[in-house]
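Please see the structure below; I have some questions.
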Amino acid sequence: MRKPVVMVTGANGEIGQRLIERLSGDAETDIIALDLHPMSAALASRCVATFVGDILDDNLLQRIVSEYAIHTVFHLAALLSTRAEYTPFAAHRVNVGGTLKLLNLAADQARRDGTPVKFVFPSSIAIYGLPDLATKHAAGRVREGDFNAPTTMYGCNKLYCEHLGRYYMHHFGQLNSNFRPSGVDFRAIRFPGLISAVTVPSGGTSDFGPEMVHMAASGQSYACFVPEAAQIPFMAMPDGVEALLALAAAPRAQLGQETYNITAFSMSAAGFRDRVVDAFPGAQVTFEVHHARSRIIDTWPLDVDDTPARNDWGWQPKYDADATFDDYLLPTLMALTHR
Ligand code: NAD
Ligand code: SER
């Protein structure tokens, strides 16, 4: 008999590692994890199986579904925005092609087991494309349907995958005479920039915030690649992980839409600098603007309206800006440094 499991792709990434730690606290949940890179022994021990490989590998996916009955997919594997911009074709292959394969896998599982398969997808504020800074500042908190004109390959990939998820849930196979919905129960969150106290991001464009914090904590100087005024929404990693779990757990009937904005606080690069210098006296932060990366940040919103998430599934961040620094980042970084 195939074992019922939750599948996490991109399991070795910043979110994946923390999600697996949190999910594995529930004795009822068996996890299988897939990533291009091997996980640490400690993390792997929290899973019933780990697979090192590519989400684009059909043979690997076939092997997995022959052994496991997947009832929930957290599909995290992706190339992030800066990396995707340098390697747009690879990004499209992984971010779109990989998501299509996983959606198909979920539809297959739902058909085979006769029950819906939850598909939880991390989208991004990168799906927004504000045309200029004046519009960005005038727009303030954007709603899900606003400014859906991304200027990056990553943003285009994420926006299209939101549509693919909606399509798989409602319309996949619609011309079959015996058409029934695929059973893919698609749920997406548009994350702001996430900040982990445990890992340093790479390949993203929101990385300037978390990079600044980590460099200061390790006593290294940091040259910030966006100007002081550059501002987007952010969130502490524990809130991001709780959001994925809360959206996955919400009764389908309560969800009025497939894709939800969420946020915790907005902060400028200067805001990060001020907090970092306050927390780590002597921290060296300079601004050496990379104009092309900075232009990407200019197209992402100042803030997002997350009212539908609050109303439909009770989204509420635990960490505002003060709590992110005082109750999460600084104590965790101190504990890690003194270990
Ligand atoms: P990450 O880069 O830390 O992790 C991504 C993981 O995916 C890596 O471990 C990588 O090895 C794996 N991966 C990449 N290509 C793969 C492939 N072809 N096959 C198998 N594994 C592959 O990123 P993260 O911060 O953990 O983000 C996870 C997801 O959340 C991504 O989809 C990202 O777009 C989304 N997201 C992240 C943020 C953020 O600020 N971190 C914000 C919005 C959305
Ligand atoms: N934080 C991600 C990035 O910068 C956005 O999804 O790529």
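Since the model is a prediction, treat every value here as computed from it, not as a measurement. All ligand and atom numbering here is 1-based and tracks the order in the structure.
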Aromatic centroids of F119 and Y168 separated by under 6.0 Å |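 When the ring centroids of Y168 and F119 are compared, they turn out to be at least 6.0 Å apart.
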Protein heavy atom at shortest distance from atom 4 (O) of ligand 1 =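 Result: G13 CA, 3.2 Å.
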Of all the heavy atoms in K158, does at least one lie under 4.0 Å from an atom in ligand 1?
->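 Flag set, K158 near ligand 1.
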At a 4.0 Å threshold, what atoms of ligand 1 neighbour a non-hydrogen atom of G193?
->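 Ligand 1 atoms under the 4.0 Å threshold to G193: 40 (O).
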Polar-atom distance check: G10 versus ligand 1, any N or O pair below 3.5 Å?
->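 By distance alone, the answer is no.
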Does ligand 1 have any atom that is closer than 4.0 Å to a heavy atom of L34?
->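 No heavy atom of L34 comes that close to ligand 1.
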Looking just at side-chain N and O atoms, do E85 and Y154 make a donor-acceptor pair shorter than 3.5 Å?
->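 Per modelled atom types, E85 and Y154 side chains form no pair under 3.5 Å.
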Of all the non-hydrogen atoms in the protein, which one sits nearest to atom 33 (C) of ligand 1, and at what distance?
->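 Scanning the protein heavy atoms, the shortest distance from atom 33 (C) of ligand 1 goes to Y154 OH, 3.4 Å.
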In Å, rounded to the nearest 0.5 Å, how long is the span from CZ of F121 to CZ of F74?
->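 Answer rounded to 0.5 Å: 14.0 Å.
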What's the shortest distance from atom 14 (C) of ligand 1 to any protein heavy atom, and which residue and atom give it?
->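 Here the nearest protein heavy atom works out to A78 O, 3.7 Å.
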Atom 3 (O) of ligand 1 - nearest protein heavy atom and its distance =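 The answer is E14 N, 2.9 Å.
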Nearest heavy atom to atom 10 (C) of ligand 1 wins, so pick from D54, D35, N12, L36.
->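 That would be D35.
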Would you say T205 has any N or O atom under 3.5 Å from an N or O of ligand 2, going by distance alone?
->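 It does: an N or O of T205 is found under 3.5 Å from an N or O of ligand 2.
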Using a 4.0 Å heavy-atom cut-off, say whether Y154 meets ligand 2 through its side chain, its backbone, both or neither.
->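 Y154 to ligand 2: side-chain contact only, backbone stays beyond 4.0 Å.
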Any atoms of ligand 1 less than 4.0 Å from a non-hydrogen atom of P192? List them with their elements.
->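 Matching atoms, with element in brackets: 40 (O), 42 (C).
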Contact check: L79 vs ligand 1, nitrogen or oxygen atoms, below 3.5 angstrom |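 N/O-N/O distance under 3.5 Å: no.
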Have a look at T199 and tell me which of H214, Q17, E14 forms a side chain to side chain donor-acceptor pair (under 3.5 Å) with it.
->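 When H214, Q17, E14 are each tested with T199, the side chain to side chain donor-acceptor pair (under 3.5 Å) holds only for E14.
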Report the part of S81 in contact with ligand 2, treating N, CA, C, O as backbone and CB onward as side chain, heavy atoms under 4.0 Å; options are side chain, backbone, both, neither.
->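 Both backbone and side chain.
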Can you pull out the closest protein heavy atom to atom 40 (O) of ligand 1? Residue, atom name and distance to 0.1 Å, please.
->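 Here the nearest protein heavy atom works out to L194 N, 2.9 Å.
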Could you tell me the residue and atom name of the protein heavy atom closest to atom 1 (N) of ligand 2, and the distance to it rounded to 0.1 Å?
->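 The closest heavy atom on the protein side is S206 OG, 2.7 Å.
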With no hydrogens and no angle check, is any side-chain donor or acceptor of N261 less than 3.5 Å from a backbone partner on V142?
->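 Judged by distance alone, yes, a pair lies under 3.5 Å.
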Against heavy atoms of H37, which atoms of ligand 1 measure under 4.0 Å?
->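 Listed by number with element, the hits are 11 (O).
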Do you know which two heavy atoms are closest between P4 and D30, and how far apart they sit?
->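 It is O-CB, 3.9 Å.
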Find the distance between CE (M212) and CD (Q284) and round it off to the nearest 0.5 Å.
->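 These two atoms lie 13.0 Å from each other.
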Distance flag, aromatic centroids of Y328 and Y319, threshold under 6.0 Å |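 Here the rings of Y328 and Y319 have centres that are less than 6.0 Å from each other.
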Are R190 and Y128 close enough that a side-chain donor and a side-chain acceptor fall under 3.5 Å?
->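 A donor-acceptor contact under 3.5 Å links the two side chains.
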With a cut-off of 4.0 Å, which atoms of ligand 1 are near a heavy atom of S123?
->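 Counting atoms of ligand 1 from 1, those under 4.0 Å from S123 are 43 (C), 44 (C).
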Answer yes if the side chains of Y260 and D312 hold a donor-acceptor pair under 3.5 Å, and no otherwise.
->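 A pair is found: one side chain offers a donor N or O, the other an acceptor, under 3.5 Å apart.
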Mind checking whether I15 contacts ligand 1 via backbone (N, CA, C, O), side chain (CB onward), both or neither, at a 4.0 Å heavy-atom cut-off?
->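 Both of them.
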With heavy atoms of S124 as the reference, note each atom of ligand 2 found under 4.0 Å away.
->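 In order of number, 5 (C), 6 (O).
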Ignoring hydrogens and angles, tell me if any N or O in the side chain of N157 forms a donor-acceptor pair with the backbone of M153 under 3.5 Å.
->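 It does hold such a pair.
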Test item: side-chain donor near acceptor, T205 and T82, under 3.5 Å |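 Per modelled atom types, T205 and T82 side chains form a pair under 3.5 Å.
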Minimum-distance protein heavy atom relative to atom 19 (N) of ligand 1 =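 It is I55 N, 3.0 Å.
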For ligand 1, is there an N or O atom under 3.5 Å from any N or O atom of A77?
->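 No; the residue has no nitrogen or oxygen that sits under 3.5 Å from a nitrogen or oxygen of the ligand.
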Starting at SG of C47, measure out to CD1 of I32 and round the result to the nearest 0.5 Å.
->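 Those atoms lie 9.5 Å apart.
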Hey, could you give me the CD1/CG distance between I15 and L194, rounded to the nearest 0.5 Å?
->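 One gets 5.0 Å once the value is rounded to the nearest 0.5 Å.
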Nearest protein heavy atom to atom 28 (C) of ligand 1, by residue and atom, and its distance?
->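 Checked against all protein heavy atoms, atom 28 (C) of ligand 1 sits closest to L76 O, 3.4 Å.
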Which protein heavy atom lies closest to atom 2 (O) of ligand 1, and at what distance to 0.1 Å?
->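 Looking at atom 2 (O) of ligand 1, the protein heavy atom closest to it is L80 CD1, 3.7 Å.
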Does ligand 1 have an atom that lies less than 4.0 angstrom from a heavy atom of S81?
->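 The answer is no, since S81 has no heavy atom less than 4.0 Å from ligand 1.
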Going by the order shown, which atoms of ligand 1 are within less than 4.0 Å of some heavy atom of G53?
->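 So the atoms of ligand 1 that pass are 19 (N), 20 (C).
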State if F121 counts as touching ligand 1 under the rule of any non-hydrogen atom under 4.0 Å.
->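 Under 4.0 Å: no for F121.
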Measure across F234 and S206 and return the closest heavy-atom pair with its distance rounded to 0.1 Å.
->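 Looking at all heavy atoms of both residues, the shortest contact is CE2-O, 3.6 Å.
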Counting each atom of ligand 1 from 1 as listed, which ones have a heavy atom of P122 under 4.0 Å away?
->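 Reading through ligand 1 atom by atom, the close ones are 29 (C), 30 (O), 32 (O), 35 (C).
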How does F234 reach ligand 2, if at all, at less than 4.0 Å between non-hydrogen atoms: by side chain, backbone, both, or neither?
->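 Contact part for F234 vs ligand 2: neither.
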Any donor-acceptor pair under 3.5 Å linking the side chain of D113 with the backbone of T115?
->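 Checked: no pair found.
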Do any heavy atoms of V94 fall under 4.0 Å from ligand 1?
->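 Yes; V94 lies near enough to ligand 1 that a heavy-atom distance drops under 4.0 Å.
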Interatomic distance, D327 atom CG to K318 atom NZ [nearest 0.5 angstrom] |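 Separation between the atoms: 8.0 Å.
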Short N or O distance, S124 and ligand 1, threshold 3.5 Å exclusive |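 There is no such contact.
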Lys/Arg cation over aromatic F325: R275, 6.0 Å, 45° cone =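 The answer is yes, since R275 meets both limits relative to F325.
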